[in-house]
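Here is the structure we will look at, set down as structure tokens.
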Number of protein chains: 2
Amino acid sequence: MQTDPLSVAFSALADPTRRAMLARLSAGEATVNELAEPFAMTLPAVSKHLKVLERAGLVSRGRNAQFRPCRLEAGPLKDVAAWMEHYRRFWDDSFNRLDDYLREIQHKETSGDA
Amino acid sequence: MQTDPLSVAFSALADPTRRAMLARLSAGEATVNELAEPFAMTLPAVSKHLKVLERAGLVSRGRNAQFRPCRLEAGPLKDVAAWMEHYRRFWDDSFNRLDDYLREIQHKETSGDA
DNA sequence: AATGTATTTTACCAATTAGATAATTAACTT
DNA sequence: AAGTTAATTATCTAATTGGTAAAATACATT
């Protein structure tokens, strides 16, 4: 098993259940039962998935009476994005284009609201 | 084991050896032996890692005599980046700033070479 | 044809993971 | 105190992973 943070993050993300949990948490805090609700899976199984996400630093949990509210922590996603950035030129067609900055500026001007 | 493309990609990336292989391939094609060289690992082990990357669509291989030159295929990285984009607001401090587009424009002007 | 080089396949092993069920802990409600 | 709800821990099984060693395949050269 890998222990470096990036590997731990990638492997935590390599499961659709866990990604769905993160999606749910991106809408706000949730309890374990709330997170479990959409899945045909026992609560302990969900608890395990949460522990994986927690170990990866993608989720933190508070205590509120008998509830353990879960919260999204996006720090590791930043690291993943930073790693990905090295490869952007391979998949982002616009990345190498000469007129890139022109289109960027135009995009910002049309979508910006300053 | 998960079979959806995104999970397969994430799980292929969840290993430092495989990420190092991708890094090597980002500099150009390489044979299995060339890829194996930096690692204290037998050739079959490397071959297995390559198969994981291949299954994820991150690597393709040609045939040149008895060599199987490997090449980086970044398609899946694009999918990963697209998934990540949903979470950008959680980790990119600048994402929600009002002056975002101004700094972007400045960056493009200083680093661009059109 | 024989040999050497590149790579893969097979057989095997140890460690990990994902899930289930059952039991347990913790906190609230009555 | 008793019962209910939230969540975890313990234990088991099946499947997967990452590695090795040895054999097999594919091609090039002599």
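Letters A, B, ... mirror the listed sequences (proteins, then strands); counts begin at 1.
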Return a single string for nucleotides 7-13 of chain D, one symbol per nucleotide in 5' to 3' order, where B is base contact, S is sugar-phosphate-only contact and - is none, cutoff 4.0 angstrom on heavy atoms.
BBB----
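Ion pairing between A:E85 and A:R88 holds under the 4.0 Å rule for side-chain N and carboxylate O.
The CG atom of B:D15 sits 12 Å away from the P atom of D:dT17 (whole-angstrom rounding). What separates CD of A:Q2 from C1' of D:dT16 is a distance of 15 Å, to the nearest Å.
If you walk DNA chain C from 5' to 3' and mark each nucleotide with an atom closer than 4.0 Å to a heavy atom of chain A, the marks span C:dT16 to C:dC28.
Nearest to the side chain of B:M1, among D:dA28, D:dA26, D:dT17, sits D:dT17.
Summary of the strand contacts: A:M41 and A:N64 both lie near DNA chain C, and taking for each the nucleotide with the nearest heavy atom, the more 5' one is attributed to A:M41.
Distances shorter than 4.0 Å separate some side-chain N or O of B:H49 from OP1 or OP2 on D:dG19.
Nearest heavy-atom pair, B:Q2 versus A:D15, reported as atom, atom and distance to 0.1 Å: NE2-OD2, 3.3 Å. What you find for B:M21 and B:F39 is that their closest heavy atoms are CG-CE1, 4.0 Å. Nearest heavy atoms, A:S7 versus B:P16: OG-CD, 3.3 Å. Between A:R24 and A:A30, the shortest heavy-atom contact is NH2-CB, 3.4 Å. Considering all non-hydrogen atoms of both residues, A:S26 and B:F90 come closest at O-CZ, 3.4 Å.
Transitive grouping of hydrophobic side chains (ILVMFWY, heavy atoms separated by less than 4.5 Å) keeps B:L6 and A:V52 in distinct clusters.
At the heavy-atom level, B:A45 lies under 4.0 Å from base atoms of the strands shown.
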Side-chain donor-acceptor pairs of residues 69-77 of chain A under 3.5 Å, sequence neighbours excluded:
residue: A:E73; atom: OE2; partner: A:S60; partner atom: OG; Å: 2.8

